[in-house]
Each structure stands twice: as C-alpha cells, then as structure tokens.
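Side chains included, hydrogens not; waters and symmetry mates left out as well; all remaining heavy atoms used.
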Amino acid sequence: MGRAVSVLGLGNMGGRAATRLAAAGASVTGFDPLPAARDRAAADDNVTVVDTADAAVQGAEVVLVSVPMPADVLALARDVLAGLPANAVVVDISTIDPTTAQEAARIVGAGGATYVESPVLGRPEACGEWTLVAGGPADRIEHVRDLLERSIAKQVVHAGDVGSGSTVKLLNNLMFGAINAVTAEVFNVARLAGVPPERFAAIVGTSGAATVSPLFGHLSRRIPSGDFSPNFGLGLLQKDNRLALQLARQVGGPSFVATTVDQVNALAGRDWAADDTSAVYRLYERLSPPTEA
C-alpha cells in the first residue's frame, strides 16, 4: 500500500491528479462538492470517493487541494485542514493569490500540519508532465517531491516562501491571457481583411516564427473550427488574470497590458465564461462589422 493521499476537488485538474496518484501506487481518497465530479472520479476503481471533505482527509499523510477560488481554499483551511495532524502536508495546486496562500499556511500551520502551495504550470491534459511551483518549507517540499514527481509532475521547483509560487503562477497566466486575447484579435482582423483564420494559422504555425507556441497551436485549432468546449475555462482565466492585476497594483507595477486583458476577459466572460479561453474570439466577431458572405 502506498502513501495515503486525499484529493479535495476532483475537477479538471484534481480529477486527473487523483487518477495519476492512484496509478503511481498511492492510496487515494477524494471528495468534490459536485456529484458529477465525484462520479467521474469514481469511475477509476483505484480512487475511493467519499461524500464529505472530512471523511476524505481521515488518515491522509498528504492532502492535495484543487479548488477554483481563493475563498474555497480558505474555507477548506478553516473547516477541514486546520484539524490535520502535525505530520500531514497540504499540497495546494489551486491558482490563488499570494495573500490567500499565506493566510492558508497560517491557518493550517496553527493546527500543526504544513501547507505547501504548488500551483501548476501546464495544461490539464498534460497531468504527469506538470511543473509544480512550490512555495513553503524546503524540507516539507522534499518530503512530498518523490510522490509528486512519480505521478502528476515532471518537476517540483522550490520558488521560495509561501506566496512566491502563487506569484509565479499568476504572472504566467497573465502572459497566457495576453497571448490568448491578442491571438483572437489577430485572427479576427485577418478574417476581416480577407485571410481566413485557418489560412493565417497554417502559414504562421508552420513558419518557425518566434510567435508560435503551444497556446497558438491550441487557438489555431479551436478558433477556425468554432470548437469552444472548455479545456481551460474563460471564467477561470478571468479570475487568474484579475488576481495578477491586483498583485501588480499592490506592488506598484505598471499594468497597461494586464488592465486591457482584464477588460477583454470581462466583456467576453459575460456570455462565454463557461467556454474555453479561445471563446474571446466571439467577442471580437460580435464587435466587428459584418463581412460579405
């Protein structure tokens, strides 16, 4: 029997993490407040799904947290994680702000356990190849490194104290948001100028230009085909980018691009928050003049 691991949050990221951890030999118990997420996770016979977070963490050596919002992390910290034993380590892969991570660490630490923020750099489907940006005590990060690098991550990188990992993650996702928005904008201008988005994507995508990235490839497939089914939801990107903008303002960093990205996400998110981030293209279409058929 491997290490006892609890996974709180069995959504797009947490559900994949639970499956990978179980495949690596961990004894995995999971919980999610949404019945559909619990049902998906329970389809893996190696993952035990329970009906409450308290039941999920019973006997766990490691508790992996993957929830959508900063408030969700703090609620778990106060209601569940503060009661963990001193040898337990909380590995939080949620995308939150540094202040929330530090508060969660304080709450969990007051109960005796250790909180390690470990937000993910990588797409959901790349679970197993993720980079986890860890903030927290070096010795406790080393305590979970082997477990994480044998299951959900190709590497765990120690960024510094709690808060540093969230800083790296938010700034990375701000770059994602900027690339996402400008690529949708460029595809729309190409369309209006008579170059179909699929043609623009094919030319640039095979050119070797410095602008070509995995995200460009993702958008090049989604936008021309009109497939906006969620991979990374626009609403989550909006939340992440707003947290990055708040961080920039807190530290006094000029945030010209971040402000614009937030405006684009907010406008598109009114109608397409549940869709893929590529759905910002629909906003540009809506605001553009009609073209001849």
Side-chain angles (χ1 to χ4, degrees), residues 1-34 37-67 73 76-77 79-95 104-105 108-109 111-159 162 165:
M1 183 70 67
R3 295 169 78 172
V5 179
S6 169
V7 179
L8 301 181
L10 298 169
N12 208 17
M13 306 291 274
R16 286 177 165 89
T19 296
R20 295 284 306 194
L21 284 159
S27 177
V28 179
T29 303
F31 168 74
D32 194 287
L34 298 179
R38 294 199 299 272
D39 290 344
R40 284 194 299 270
D44 184 340
D45 293 336
N46 295 315
V47 177
T48 300
V49 178
V50 294
D51 293 332
T52 68
D54 286 325
V57 302
Q58 290 300 312
E61 303 170 57
V62 178
V63 178
L64 187 139
V65 175
S66 179
V67 292
V73 170
L76 282 176
D79 300 339
V80 179
L81 305 176
L84 293 173
N87 66 328
V89 178
V90 175
V91 177
D92 186 2
I93 67 170
S94 312
T95 300
V108 173
T114 302
Y115 174 93
V116 174
E117 58 169 355
S118 299
V120 175
L121 300 185
R123 304 285 283 182
E125 65 273 15
C127 183
E129 295 296 320
W130 290 342
T131 290
L132 301 184
V133 189
D139 62 331
R140 302 310 282 163
I141 293 169
E142 290 305 314
H143 181 68
V144 296
R145 180 185 297 278
D146 182 61
L147 170 70
L148 300 173
E149 291 184 345
R150 286 188 297 105
S151 56
I152 66 174
K154 67 178 180 182
Q155 61 178 347
V156 177
V157 180
H158 188 195
V162 173

**Item:** Side chains of L21 and V7 in contact at under 4.5 Å (non-hydrogen atoms)
**Value:** yes
**Request:** Give a yes or no answer on whether the side chain of H158 reaches the backbone of P137 with a donor-acceptor pair at less than 3.5 Å.
**Result:** no
**Message:** Among residues at least two apart in sequence or on other chains, which ones pass side chain to side chain donor-acceptor pair (under 3.5 Å) with E142?
**Reply:** R145
**Fill in**
For residues 55-66, the side chain to side chain donor-acceptor pair (under 3.5 Å) pairs (sequence neighbours left out) are none
**Prompt:** Looking at side-chain heavy atoms only, is the closest gap between L81 and V65 below 4.5 Å?
**Reply:** yes
Please set out all donor-acceptor pairs under 3.5 angstrom arising from side-chain atoms of residues 116-127, sequence neighbours excluded.
{"unit_1": "E117", "atom_1": "OE1", "unit_2": "S166", "atom_2": "N", "d": "3.0"}
{"unit_1": "E117", "atom_1": "OE1", "unit_2": "S166", "atom_2": "OG", "d": "2.5"}
{"unit_1": "E117", "atom_1": "OE2", "unit_2": "G163", "atom_2": "N", "d": "2.5"}
{"unit_1": "E117", "atom_1": "OE2", "unit_2": "S164", "atom_2": "N", "d": "3.1"}
{"unit_1": "E117", "atom_1": "OE2", "unit_2": "G165", "atom_2": "N", "d": "2.8"}
{"unit_1": "R123", "atom_1": "NH2", "unit_2": "H218", "atom_2": "ND1", "d": "3.4"}
{"unit_1": "R123", "atom_1": "NH2", "unit_2": "H218", "atom_2": "NE2", "d": "3.3"}
{"unit_1": "R123", "atom_1": "NH2", "unit_2": "N231", "atom_2": "OD1", "d": "3.2"}
{"unit_1": "E125", "atom_1": "OE1", "unit_2": "N231", "atom_2": "ND2", "d": "3.0"}

**Item:** Atom of V47, atom of A18 and distance for their closest heavy-atom approach
**Value:** CG2-O, 3.8 Å
**Message:** If we check side-chain contact (heavy atoms from CB on, under 4.5 Å) with V144, which of these qualifies: V62, V5, L132, V90?
**Reply:** V62
**Item:** 4.5 Å side-chain heavy-atom contact, V80 and V57
**Value:** yes
**Residue pair G59 / A4: nearest heavy atoms and the distance that separates them** = O-CB, 3.6 Å
**By side chain to side chain donor-acceptor pair (under 3.5 Å) - contacts of T131 (at least two apart)** = Q155
**Message:** To check you understand the geometry: which heavy-atom pair defines the closest contact between I141 and G136, and what is its length?
**Reply:** CD1-O, 3.6 Å
**Message:** Using a 3.5 Å distance criterion without hydrogens, assess whether the side chain of R16 forms a donor-acceptor pair with backbone atoms of N12.
**Reply:** yes
**Asked** Among all residues two or more places apart in sequence or in another chain, which pass the side-chain contact (heavy atoms from CB on, under 4.5 Å) test with P33?
**Response** F31
**Message:** Taking salt bridge (charged side-chain N to carboxylate O under 4.0 Å, His left out) as the cut-off, I'd like each qualifying pair that reaches into residues 37-47, sequence neighbours left out, listed once.
**Reply:** none
**Message:** Are V50 and T29 packed together at the side-chain level, in the sense that at least one heavy-atom pair is separated by less than 4.5 angstrom?
**Reply:** yes
**Prompt:** Can you check whether L8 reaches V63 side chain to side chain, under 4.5 Å on heavy atoms?
**Reply:** yes
**Complete:** When every non-hydrogen atom of G11 is compared with those of D32, the smallest separation belongs to N-OD2, 3.7 Å
**Asked** A88 and A113: which non-hydrogen atoms are nearest, and at how many Å?
**Response** O-CB, 3.5 Å
**Prompt:** Does W130 reach the side chain of V156, with side-chain heavy atoms less than 4.5 Å apart?
**Reply:** no
**Message:** Applying side chain to side chain donor-acceptor pair (under 3.5 Å), can you list everything that pairs with S151, at least two apart in sequence or on another chain?
**Reply:** none
**Item:** Gap separating the CG atom of L84 from the OG1 atom of T114, nearest 0.5 angstrom
**Value:** 10.0 Å
**Asked** L64 versus I152: any side-chain heavy-atom pair under 4.5 Å?
**Response** yes
**Fill in**
Sorted by chain and number, sequence neighbours left out, salt bridge (charged side-chain N to carboxylate O under 4.0 Å, His left out) with E129 holds for none
**Qualifying residues under side-chain contact (heavy atoms from CB on, under 4.5 Å), relative to A41, sequence neighbours excluded** = L10, V49
**Item:** Those residues that, when tested against D146, pass salt bridge (charged side-chain N to carboxylate O under 4.0 Å, His left out) (two or more places apart)
**Value:** R150
**Prompt:** Looking at N87 and R140, what are the two nearest heavy atoms and their distance?
**Reply:** O-NH2, 3.0 Å
**Item:** Residues which pass side-chain contact (heavy atoms from CB on, under 4.5 Å) with A23, listed by chain and number, not counting sequence neighbours
**Value:** none
**Message:** Run L148 and V91 through side-chain contact (heavy atoms from CB on, under 4.5 Å) and show every step you take.
**Reply:** CA-CA 10 Å; L148 300 173; V91 177; 4.2 Å; yes
**Message:** For D92 and S94: C-alpha separation, side-chain torsions, deciding distance, then whether side chain to side chain donor-acceptor pair (under 3.5 Å) applies.
**Reply:** CA-CA 6 Å; D92 186 2; S94 312; 2.7 Å; yes
